[in-house]
Amino acid sequence: MTAVGPLETARELLREFPVVDGHNDLPWALREQVRYDLDARDIATDQSAHLHTDLARLRAGGVGAQYWSVYVRSDLPDAVPATLEQIDCVRQLIARYPQTLAPALSADDMEAARSQGRIASLMGAEGGHSIANSLATLRALYALGVRYMTLTHNDNVDWADSATDEPGVGGLSAFGREVVREMNREGMLVDLSHVAATTMRDALDTSEAPVIFSHSSSRAVCDHPRNVPDDVLERLPSNGGMAMVTFVPKFVLQAAVDWTAAADENMREHGFHHLATTPEAMKVHRAFEERTPRPVATVSTVADHLDHMREVAGVDHLGIGGDYDGTAFTPDGLSDVSGYPNLIAELLDRGWSKPDLAKLTWQNAVRVLGAAEDVARGLQATRAPSNATIESLDG
């Protein structure tokens, strides 16, 4: 009898307990590349030349539920209508591919999609700028299907500090705490990826429901402000929430953090914004990469984060959020959404049990959304919608 290797064991496990991925930026990639022309980027066909994501590779990766990010840039003057366009894109995708994608608004919907062999499609708004300081807009996003909101993106909002901006309000302002309370009341998960550690702690102090990190890794393993400090991970068991490890090399590999800082400084020295992608800017960037080769993360790099996060937070509080189509670089073995079995195989090799891996891939994420729904039902029985304004609470 031929022995079954870790990769085939991983695939077998994912057939029963598929991946719930916390963050995929396909809608933004479709906006940027083809302005939502879904014929030009038909994900029912091979899109490997353009995207990390298509239906065949989602299937090959064992993905059973996907939080599609409805992210828009924080510097857009009209963030709310742009967010609505992103939501519309996800809804068009679900309508276009009904045999593969299933609309999902709840934990029960996720389980129903799994039983049908379809990929539960949920939405997460990435950045509090998408509500324009309006709790009514927050409720409207929930009514349209958004099931988590990342409190900030790379820049602060008026009521919350980002991990990659200068401190503004010192974490959450009074209005920021009201945003968290209203998210709890609606049943919208509070996502703490991208936020400053002070914001993480304030949100945990405020939230009555489990929080998530939709795509963040361990700061103790890789010292980047986008990652989660151990003291915050230690609080997840009492909160009931979860941290979904991300694959972005500059967040998971210390050498890549350092290389990125040097590459960004090189761009600035040549008169370019560090994120510029014009032909002239890319020529400068490629020349730097030729002189100083880019460090490459691997499946093992990501597994190192999960090993540490399991030790600190416990396996009941972990998940996966790859950030595909939201990053230029990916680790070896995790180049696109078909790569999840490679990570599960690596964890099997490290001694993770099948029950623990089922929690990582599927069960934790379903439990957390269901718990948020339970909290919301209780709060709605005792608390009216908040009509507070940022002016009334923050002055």
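In this structure Glu111 satisfies the salt bridge (Lys or Arg N to Asp or Glu O under 4.0 Å) test together with Arg114, sequence neighbours excluded. Applying the ring pair (Phe, Tyr, Trp, His ring centres under 6.0 Å) criterion to His305, with sequence neighbours excluded, gives no partner residue. The ring pair (Phe, Tyr, Trp, His ring centres under 6.0 Å) test applied to His308 returns no partner, not counting sequence neighbours. Evaluation of the salt bridge (Lys or Arg N to Asp or Glu O under 4.0 Å) rule for Asp374 yields Arg377 as partners, not counting sequence neighbours. For Leu144, the side chain to side chain contact (heavy atoms under 4.5 Å, CB included) partners two or more places apart in sequence, or in a different chain, are Leu84, Ile87, Arg91. Legend: residues meeting ring pair (Phe, Tyr, Trp, His ring centres under 6.0 Å) with His23, ordered by chain and number and at least two apart, are His215.
In this structure, Glu178 pairs ionically with Arg181, as a charged nitrogen and a carboxylate oxygen lie closer than 4.0 Å. With salt bridges taken as basic N to acidic carboxylate O contacts below 4.0 Å, one links Arg350 and Glu346. Glu280 has no carboxylate O lying under 4.0 Å from a charged side-chain N of Lys283, or vice versa, which leaves the two without a salt bridge. No salt bridge links Arg177 with Asp394; every basic N to acidic carboxylate O contact stays at or beyond 4.0 Å. Salt-bridge annotation for Arg383 and Glu182: absent, with no side-chain N of the basic residue lying under 4.0 Å from a carboxylate O of the acidic one.
Inter-residue side-chain proximity for Thr327 and His52 is flagged as met; some heavy-atom pair is nearer than 4.5 Å.
Exactly one residue among Thr199, Leu151, Ile131, Thr152 makes a side chain to side chain contact (heavy atoms under 4.5 Å, CB included) with Val157. That residue is Thr152.
In this model, a donor atom of one side chain and an acceptor atom of the other lie less than 3.5 Å apart for Ser121 and Trp68.
Ring pair Tyr340/Tyr324 is perpendicular by interplanar angle, where above 60° counts as perpendicular and below 30° as parallel.
A donor-acceptor pair is defined here as one N or O able to donate and one able to accept, closer than 3.5 Å; such a pair exists between the side chain of Arg367 and the backbone of Asp316.
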So Leu369 and Tyr148, side chain to side chain contact (heavy atoms under 4.5 Å, CB included) or not? Walk me through it.
-> CA-CA 9 Å; Leu369 182 58; Tyr148 75 66; over 6 Å; no

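Leu138 and Val80 are members of different hydrophobic clusters when ILVMFWY side chains are connected at heavy-atom separations under 4.5 Å. Leu233 and Val221 sit in two unconnected hydrophobic clusters of ILVMFWY residues. Membership requires side-chain heavy atoms under 4.5 Å apart, directly or through other members.
Tyr97 OH to Leu38 CG: the interatomic distance, rounded to the nearest 0.5 Å, is 6.0 Å.
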